[in-house]
Amino acid sequence: MKSYDILVVGAGILGISHALHCLRAGLEVALIERNDYPQDATVRNFGQVVPSGFGSEWQQLGRESLRSYKAIQQEMDITVKAEGSLYIASDNEELQLLEELAAINQMNDYPSQLLSRQECLARYDGLQPSYTKGALFFPDEITVDPRQLARRLIHYCINKYSLHYYPNTTICEIIRSNGRVVATSNKQEQYSSQKLFLCSGTDYQQLFPEVFAQSDLRLVKLQMLETATQPRLKIRGSVLTGWTIRRYESFQECPSFATVKAAENPGAYHRQKGIHILIKQSNSGSIILGDSHEYTDIQRYTALGFDTDNIINKFILSQAQRIFDLNDWRIDRTWLGYYCQCKEADIFNHTIDEHIHIITGIGGKGMTGALGYAKANINKIFSLNINAV
């Protein structure tokens, strides 16, 4: 039996973040992953790190994540690009929300800059004049490459903090024995620890089915697209658009938000499919577009299926063409993403016997919020004050 201070099961961004902050607290940590590296929500997203989209409480956690990402990038390339985020208004209602959020940002001491239509067109190649009314720019925000970030963070933890990493290992049983937590793998190997963090998405249904059955988690299915390479176009950072302004939590704190939402058509196709248009250029020069959101109760997690809906993809593409003028709109790749989130709470954090912590359901906040949330969570559980970013 292999013994450690901490076991973390699941090497997605929530698991990696908890492992990192336990390591920084001087604890010996083993991180266990069922694949060679994460394959699910952590690698299937846009890689946009945007605290600007969060309400006040989670924005602070996102800002903590920003500091961590940037600090680690100084030591090792984890794919961080510090090029800011841009929210583009397509009408006067969205422009008013941007102005109101800018005032809130000023009170929260979070830098943002209102841009005129002319400034937007001058800064962003290919932006459609007919769509653009103005924008709000967040200079401190970053993008990462989600297909590379997780494995690079794992190797950072291995090299700097001597993390013990066990890939291609599935935990089949977790019990309490002799004052310790004992996890048994599909290889009949056993791992013992003082505490265990279970950060394996919906996989915990096999380990704690009674907790899973009583949770308020729901599964979310997303669709994303990637165009051909655009060699003559450069889009910096994250670009978020009008429907994003009408969707994200931060704007719900704006005085006019309720009025704006009340005037919307609830039967509109983009609202039925949870579509808002996000745009980001990859390192290869292709443009990543998305995304949609379809929901089902976690107990019916197979109901969403695994098929791509081409009608959704065509709609996303048509709306993106209203926002940017690309030289080549050929689609080279499409994919599905799945994540779980709570219906009511911001995250699912359930403790069993003070030693087993199930942490999942962070939803679309993971890439931005996980590092900051994990730091606060580790500090709380161990009564610590980890100050290192």
Side-chain angles (χ1 to χ4, degrees), residues 43-50 52-53 69 73 77-91 94-95 98 112-149 152 222-245 270 275-292 308 310 312-335 337 367:
V43 302
R44 301 190 192 189
N45 60 81
F46 277 87
Q48 296 177 329
V49 182
V50 286
S52 53
Y69 280 127
Q73 180 68 24
D77 181 10
I78 56 170
T79 75
V80 168
K81 295 176 71 174
E83 297 180 332
S85 302
L86 185 78
Y87 291 76
I88 306 171
S90 67
D91 59 31
E94 292 160 6
L95 193 60
L98 292 183
S112 65
Q113 178 186 2
L114 286 165
L115 300 180
S116 69
R117 178 174 179 270
Q118 291 72 24
E119 288 173 319
C120 294
L121 297 175
R123 290 191 187 193
Y124 287 83
D125 296 343
L127 191 57
Q128 295 278 25
S130 58
Y131 183 87
T132 307
K133 293 292 185 182
L136 186 61
F137 180 67
F138 291 84
D140 290 350
E141 297 187 341
I142 64 173
T143 61
V144 296
D145 179 352
R147 296 178 184 239
Q148 296 295 323
L149 176 73
R152 295 194 186 190
L222 307 91
Q223 294 187 194
M224 286 156 278
L225 306 86
E226 186 171 359
T227 75
T229 300
Q230 313 290 322
R232 293 188 295 276
L233 185 70
K234 172 61 178 176
I235 300 175
R236 297 186 302 276
S238 301
V239 176
L240 307 98
T241 60
W243 289 341
T244 310
I245 295 168
H270 76 276
I275 295 170
H276 64 127
I277 307 302
L278 306 175
I279 298 167
K280 174 191 164 188
Q281 190 163 28
S282 72
N283 291 335
S284 69
S286 63
I287 305 298
I288 301 172
L289 306 170
D291 57 357
S292 59
T308 299
N310 286 329
I312 290 177
N313 281 350
K314 289 178 181 179
F315 183 81
I316 290 173
L317 185 61
S318 70
Q319 295 306 304
Q321 289 170 339
R322 295 177 55 231
I323 301 167
F324 271 90
D325 180 17
L326 304 186
N327 295 320
D328 190 346
W329 282 102
R330 287 177 300 167
I331 299 300
D332 278 355
R333 179 169 58 177
T334 67
W335 67 93
M367 195 60 75

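Nothing here was measured: the structure is a model prediction, and the numbers come from that model.
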A.B. asks: Using a 3.5 Å distance criterion without hydrogens, assess whether the side chain of Q73 forms a donor-acceptor pair with backbone atoms of V80.
C.D. replies: yes
A.B. asks: Do L136 and I245 have side-chain heavy atoms sitting under 4.5 Å apart?
C.D. replies: no
A.B. asks: Do E226 and S286 pair up side chain to side chain, a donor and an acceptor below 3.5 Å, judged on atom types alone?
C.D. replies: yes
A.B. asks: Write down the atom of E83, the atom of G237, and the distance for their closest heavy-atom approach.
C.D. replies: OE1-N, 2.9 Å
A.B. asks: Would you mind reporting whether L121 and Q118 have side-chain heavy atoms less than 4.5 Å apart?
C.D. replies: no
A.B. asks: Testing V239, L240, V50 one by one against L278 for a side chain to side chain contact (heavy atoms under 4.5 Å, CB included), which residue passes?
C.D. replies: L240
A.B. asks: How many angstroms lie between CZ in R322 and OG1 in T132, if you round to the nearest 0.5 Å?
C.D. replies: 10.5 Å
A.B. asks: F315 vs Q223, test: side chain to side chain contact (heavy atoms under 4.5 Å, CB included). Steps then yes/no.
C.D. replies: CA-CA 11 Å; F315 183 81; Q223 294 187 194; over 6 Å; no
A.B. asks: Would you say NZ of K314 has more than 12 non-hydrogen atoms from neighbouring residues, nucleotides or ligands within 6.0 angstrom?
C.D. replies: no
A.B. asks: Is there a side-chain contact between Y131 and F324 in this structure, where contact means two heavy atoms from C-beta onward sitting under 4.5 Å apart?
C.D. replies: no
A.B. asks: Heavy-atom distance under 4.5 Å between the side chains of I277 and I316, does that happen here?
C.D. replies: yes
A.B. asks: Report yes if the side chains of T308 and N310 come closer than 4.5 Å at any heavy-atom pair, otherwise no.
C.D. replies: yes
A.B. asks: Look at the side chain of R44 and the backbone N and O of M224, then say whether any donor-acceptor pair between them is shorter than 3.5 Å.
C.D. replies: no
A.B. asks: Aromatic rings W243 and H270: how do their planes relate, parallel, tilted or perpendicular, breaks at 30° and 60°?
C.D. replies: parallel
A.B. asks: Can you tell me if E94 uses its side chain to pair, donor with acceptor, with the backbone of A89 under 3.5 Å?
C.D. replies: no
A.B. asks: Where the side chain of R152 meets the backbone of D77, is there a donor-acceptor pair that is under 3.5 Å apart?
C.D. replies: yes
A.B. asks: Look only at the side chain of K280 and the backbone of F46, and say whether a donor-acceptor pair between them is shorter than 3.5 Å.
C.D. replies: yes
A.B. asks: In Å and rounded to the nearest 0.5 Å, what is the CG to CD1 distance from L289 to I331?
C.D. replies: 6.0 Å
A.B. asks: Could you verify whether a donor N or O on one side chain and an acceptor N or O on the other, from E141 and S52, lie under 3.5 Å apart?
C.D. replies: yes
A.B. asks: Going through the distances and angles, do I323 and Q128 end up as a side chain to side chain contact (heavy atoms under 4.5 Å, CB included)?
C.D. replies: CA-CA 5 Å; I323 301 167; Q128 295 278 25; 5.5 Å; no
A.B. asks: Quick one: closest heavy-atom pair of S284 and T229, and the distance?
C.D. replies: O-CG2, 3.2 Å
A.B. asks: Which heavy atom of G47 sits nearest to which heavy atom of M367, and what is that distance?
C.D. replies: CA-CG, 4.4 Å
A.B. asks: What's the shortest heavy-atom distance between A135 and C120, and which atoms?
C.D. replies: CB-SG, 3.3 Å
A.B. asks: Pair F137, E119 - check side chain to side chain contact (heavy atoms under 4.5 Å, CB included), show working.
C.D. replies: CA-CA 11 Å; F137 180 67; E119 288 173 319; over 6 Å; no
A.B. asks: Atom CG in N313, atom CG in D291: separation rounded to 0.5 Å?
C.D. replies: 11.0 Å
A.B. asks: What's the separation between atom CG in L86 and atom CD1 in I279, rounded to the nearest 0.5 Å?
C.D. replies: 10.0 Å
A.B. asks: Of all residues at least two apart in sequence or in a different chain, which pass the salt bridge (Lys or Arg N to Asp or Glu O under 4.0 Å) check with D325?
C.D. replies: none
A.B. asks: Find the distance between CD1 (I287) and OG (S282) and round it off to the nearest 0.5 Å.
C.D. replies: 7.0 Å
A.B. asks: Given side chain to side chain contact (heavy atoms under 4.5 Å, CB included), test K81 with V144 step by step and report yes or no.
C.D. replies: CA-CA 6 Å; K81 295 176 71 174; V144 296; over 6 Å; no
A.B. asks: In a check of side chain to side chain contact (heavy atoms under 4.5 Å, CB included) between Q230 and each of I235, D328, D125, which one passes?
C.D. replies: D328
A.B. asks: To the nearest 0.5 Å, how far apart are CZ in R147 and CG in N283?
C.D. replies: 12.0 Å
A.B. asks: How far apart are the closest heavy atoms of S292 and I275, and which atoms are they?
C.D. replies: CB-CG1, 3.7 Å
A.B. asks: What pair of heavy atoms forms the shortest contact from L233 to G126, and how long is it?
C.D. replies: CD1-N, 4.0 Å
